[in-house]
Chemist: 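Dumping the structure here so I can ask a few things about it.
All chains are named by letter (A, B, ...) in the order of the sequence lines, taking the proteins before the strands, and each is independently numbered beginning at 1.
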Protein chains: 2
Amino acid sequence: MKRKREHRPIDPDYLAEGIIRGDRSILAQSITLVESNAERHFDAAQSLLDKVLSKRTSSIRIGITGVPGAGKSTFIDTFGTYLCKKGHKVAVLAVDPTSHVSKGSILGDKTRMERLSVNPDAFIRPSPSSGTLGGVGRKTRETMLLCEAAGFDIILIETMGVGQGEYLVRGMVDFFLLLVLTGAGDELQTMKKGIMELPDLVVVNKADGGNLPLSKKAVQEYSTMLHFLKPYTEGWTTEALPASALKETGIQEVWEKIEAFQKTTRESGLFEKRRRGQQKDWLHESIKDELLYAFYKNPSVLERLSAAEQNIAEEKAAVSALVKELVEEFLKSKS
Amino acid sequence: MKRKREHRPIDPDYLAEGIIRGDRSILAQSITLVESNAERHFDAAQSLLDKVLSKRTSSIRIGITGVPGAGKSTFIDTFGTYLCKKGHKVAVLAVDPTSHVSKGSILGDKTRMERLSVNPDAFIRPSPSSGTLGGVGRKTRETMLLCEAAGFDIILIETMGVGQGEYLVRGMVDFFLLLVLTGAGDELQTMKKGIMELPDLVVVNKADGGNLPLSKKAVQEYSTMLHFLKPYTEGWTTEALPASALKETGIQEVWEKIEAFQKTTRESGLFEKRRRGQQKDWLHESIKDELLYAFYKNPSVLERLSAAEQNIAEEKAAVSALVKELVEEFLKSKS
C-alpha cells in the first residue's frame, strides 16, 4: 500500500535534542533540512541552528584536497580510522561546488571509505547539491555546525578535484592538507596555479614499496618549493611529509603535525582569529547572495529587466543609469 | 592671481556636441567626468552617454596583454602608428584594476609611446583609478563608448601586468592579443594558468636580429600548445605569429589576422552576439555593485551591522537567519 506523501511539521526542538543526544539518524535528517532549497524549510533550519549553536563541541576543521589519483578516499579512510581509534569522533563532509544532484555520491563516498563507513565513531556525508539559497558554501558550513553539536570533534572536509572548491574550503577550515604523489615536477603542471599557496601541510601519499625512493625525492622537491612560498598561516611553516594510506605509515606523523599546528595557533590566538574572520566573510558573502536573490525575484524588477537587457544589449541605453533606475525601482517596490 | 576654484555646472549637451565634432580636449574632459567618483557627477555623465550612444562609429575593440618585459608599450606604439597611417583613428586605453591613484600614469604612458602620443589620429588615456562606483570596469567601458562617439574606430585596451585584469578586459573586447617573448617554456611558468586560453592571437615579439632563431622556435612551441587548447572564440583558430615592434616587421600580418577575424566573426554573427553578451554581463555586474553600495551605506543597516558581525564572529547566531533579517530591514527602511 502506497502512503500519501505529506509535509509533516518540522519540530526544531525535537531535532536539536536528538542531535545533542548524538542520534545519527536525526543528525542526518537535520542536515537534509539545512541543505534544503525549499523556502518553507528555511525558518525551521535556522531555528534548529540557533538551538544547537551553543552546544557544540570544540573541534578542528581540516580541509583535504589533492590531485586526481592522489588517493584522497583511501587516505581519509585510513586517517579517519586512526583518529577514531585514538578516541575521536570524525565527521567527513565532501564539497563539490559543481554538484547539482543531491545525494548523488552517498553510495560512492561510502564504498570508497570501506572501514570508516562502518565505524560507529565516524559519520560520512556527501556533497550537497549547489542549488540556490547560498549554495554549497552555506550548506557545508551549517552541516559542520550540526556535526559539532552532535559531538564530532574532528571535521574532515574533502574537496573534489580542482578548481574553485579549494578556495571555498580553505575559507571554512582551520587546517588545510594537500595530498600529492611522487613526481612533483609533472604534478605541478596539472595543478591549478596558486593551490600550492593554500596548504598548511603537503602529504606525499603512496610512499611505499618500490615507490619509496621516488616519494623521498618528491618530499624534497616539495620542501624546496615550499621554502620559496609564503606559508598561508602566519607563524607556521608548511612542510612536506611522506605517508602511505595503504600501508598505514606516516599517518601518526600527519596527526602530530596537525596537533602541533593547533597548539601553536591556539596559543597565538590565530586559531580563534581565523574562525572569526571566516564567520565575517560568510556574513558578507551571504548578504550579497540574499540581496541578489531578492532583486531577481522581485516582480517589478522582472517586469522591467528584459526590456532593460534588450536596450543594453543593443547599446541603446547607458548601463549605469539603467542600473540605478532598476535598483531604485526595486527598493521602492519593497516598501 | 589665484582664481577661486568653483564647481561650474556641467552641460552634457555641450560636451556631447564637442565629442561628436571630434574635439579632443572635450573628449578628455568628458572621460574625466565619467571616471569621476563624485555622486554629483553621475547624472551628467549618464546623460552625456545617452546623448552620444547612437552617434558612435563602428569599431573594433582589441585587448592587448603580455608578460612583463614583452614590450607592450613599444608594440602598441608601432602598431598604433601603423594603423593611423592606414587611415584609422586609434584610441589607447589602459586598464589596471589595482590602480588607486587617478591620472598617475598619464605621463608614463605618453612617454612610453613616443610616436603615437604625438600622432593627431591617436588618443592615449591611462588607467582610471579603481575607486568606487563600479570601479575600473565601468569607467573603461564608458570611456570606450565616448572614444567611439569621437570617431575612434580602433580601441586598443592595454592591461597592466598579470592577474584579474586579463579577464576583465577579455570581457569587454572583440579580439584579444597576447604578447610573448622567445622561450615559451620558461615564460609559461611565470604566466597565470588559464591566460593561454584567452587570446585570439599570440604574438612573439622581439623576433629580430640574433633573436630570430629563438623566436622561430617559440612560435612553434606556442603553436603546438595552442593546438591542444580550445580556442576562446568559436570558429576561430588562435595562432602564434612572430613580430618585431622595434624593426616594424610582422605588424602588417598581425593586422591582417585581426581583419580576417573581424570578417569571420561578423559574418557568422558572433561579433555582434559577443558584444550583446558583454553588455548583459556588464548590466548584471553593475546591478550587484549598486545593490551592495546601497546596502552598505544604509543607516539602519550600519546601525545593526557591527552587532551582527560580533554575534556572527563569536558563532552566537546563525548566519543565514541574521542575513535575512538585515536584508529585510534594509528593504523596509528604503520605503
Side-chain angles (χ1 to χ4, degrees), chain A residues 34 42-43 45-50 53-54 56 133-134 138 141-142 145 191-194 275-280 282-296 301 305 308-309 311-324 326-328 330-335, chain B residues 34 42-43 45-50 53-54 56 133-134 138 141-142 145 191-194 275-280 282-296 301 305 308-309 311-324 326-328 330-335:
Chain A
V34 304
F42 183 84
D43 290 338
Q46 295 301 313
S47 153
L48 167 60
L49 282 165
D50 264 341
L53 269 176
S54 60
R56 291 172 307 122
L133 295 179
R138 177 187 66 77
R141 285 172 194 268
E142 291 180 351
L145 299 175
M191 266 188 249
K192 233 179 127 81
K193 264 214 163 103
R275 284 214 175 173
R276 294 169 75 100
Q278 289 174 342
Q279 285 286 108
K280 277 197 194 178
W282 179 18
L283 175 71
H284 294 288
E285 267 303 301
S286 301
I287 285 171
K288 190 190 76 194
D289 291 346
E290 185 71 21
L291 281 173
L292 290 174
Y293 182 71
F295 181 84
Y296 284 108
V301 165
L305 197 60
E309 277 192 337
N311 280 330
I312 289 299
E314 290 167 8
E315 300 192 316
K316 274 184 190 159
V319 168
S320 306
L322 202 56
V323 166
K324 202 158 192 173
L326 278 170
V327 169
E328 271 166 13
F330 163 64
L331 296 176
K332 248 190 298 180
S333 70
K334 290 293 282 193
S335 63
Chain B
V34 304
F42 183 84
D43 291 337
Q46 295 300 313
S47 154
L48 167 61
L49 282 165
D50 264 340
L53 268 178
S54 60
R56 290 173 309 122
L133 296 178
R138 175 187 69 76
R141 286 171 193 269
E142 292 180 350
L145 299 174
M191 267 188 248
K192 231 179 128 82
K193 265 218 162 99
R275 284 215 174 172
R276 295 169 73 100
Q278 290 174 341
Q279 286 284 110
K280 278 196 195 177
W282 180 17
L283 176 70
H284 295 288
E285 266 303 302
S286 301
I287 285 171
K288 190 189 76 194
D289 291 345
E290 184 71 21
L291 283 172
L292 290 175
Y293 182 71
F295 181 84
Y296 284 108
V301 166
L305 198 59
E309 277 192 337
N311 279 329
I312 289 299
E314 289 166 8
E315 298 192 318
K316 276 185 190 159
V319 168
S320 306
L322 201 56
V323 166
K324 203 160 192 170
L326 278 169
V327 169
E328 271 166 15
F330 164 63
L331 295 177
K332 247 189 299 180
S333 71
K334 289 294 283 193
S335 62

Chemist: Testing the basics here: between A:K316 and B:D50, what is the closest heavy-atom pair and its distance to 0.1 Å?
Modeler: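 Taking every non-hydrogen atom into account, O-OD1, 4.4 Å.
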
Chemist: Any side-chain heavy-atom pair from A:H284 and B:L305 closer than 4.5 angstrom?
Modeler: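 SC-SC contact between A:H284 and B:L305 confirmed.
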
Chemist: Show the nearest heavy-atom pair for residues A:L145 and B:E315, with the distance to one decimal.
Modeler: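 Minimum heavy-atom contact is CD2-OE2, 4.2 Å.
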
Chemist: So, taking the atom named CZ in B:R276 and the one named CD in A:E309, what distance separates them when rounded to the nearest 0.5 Å?
Modeler: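 It comes to 10.5 Å.
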
Chemist: Given that the side chain runs from C-beta out, which part of A:Q278 has a heavy atom under 4.5 Å from chain B: side chain, backbone, both or neither?
Modeler: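 Neither part.
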
Chemist: What's the separation between atom CG in B:L322 and atom CD1 in A:I287, rounded to the nearest 0.5 Å?
Modeler: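 Those atoms lie 8.0 Å apart.
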
Chemist: From B:L291 CG over to A:F330 CZ, what is the distance, rounded to the nearest 0.5 angstrom?
Modeler: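 Between B:L291 CG and A:F330 CZ, I get 6.0 Å after rounding to 0.5 Å.
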
Chemist: Non-hydrogen atoms of chain A under 4.5 Å away: do they reach the side chain of B:R141, the backbone, both or neither?
Modeler: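 For B:R141, there is no contact with chain A at all, as no heavy atom is under 4.5 Å.
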
Chemist: Below 4.5 Å from any heavy atom of chain A, which atoms of B:L326 appear? Answer side chain, backbone, both or neither.
Modeler: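 Interface part for B:L326: side chain.
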
Chemist: Hey, could you give me the OG/CD distance between B:S320 and A:E290, rounded to the nearest 0.5 Å?
Modeler: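 Here the rounded value is 8.5 Å.
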
Chemist: Please state whether the side chain, the backbone, both or neither of B:E328 comes within less than 4.5 Å of a heavy atom of chain A.
Modeler: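 Contact with chain A involves no heavy atom of B:E328 at all.
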
Chemist: What's the shortest heavy-atom distance between B:A318 and A:L53, and which atoms?
Modeler: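 Looks like N-CD1, 3.5 Å.
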
Chemist: Would you mind checking which part of A:S54 comes under 4.5 Å of any heavy atom in chain B, side chain (CB onward), backbone (N, CA, C, O), both or neither?
Modeler: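 No part of A:S54 comes within 4.5 Å of chain B.
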
Chemist: For A:I312, is there any backbone N or O sitting under 3.5 Å from a side-chain donor or acceptor partner on B:Q279?
Modeler: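 At least one qualifying donor-acceptor pair exists.
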
Chemist: Can you tell if the side chain of A:V327 reaches within under 4.5 Å of the side chain of B:Y293, non-hydrogen atoms only?
Modeler: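 They are not in side-chain contact.
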
Chemist: Keeping A:Q46 on the side-chain end and B:A321 on the backbone end, is there a donor-acceptor pair under 3.5 Å?
Modeler: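 Yes: the side chain of A:Q46 pairs with the backbone of B:A321.
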
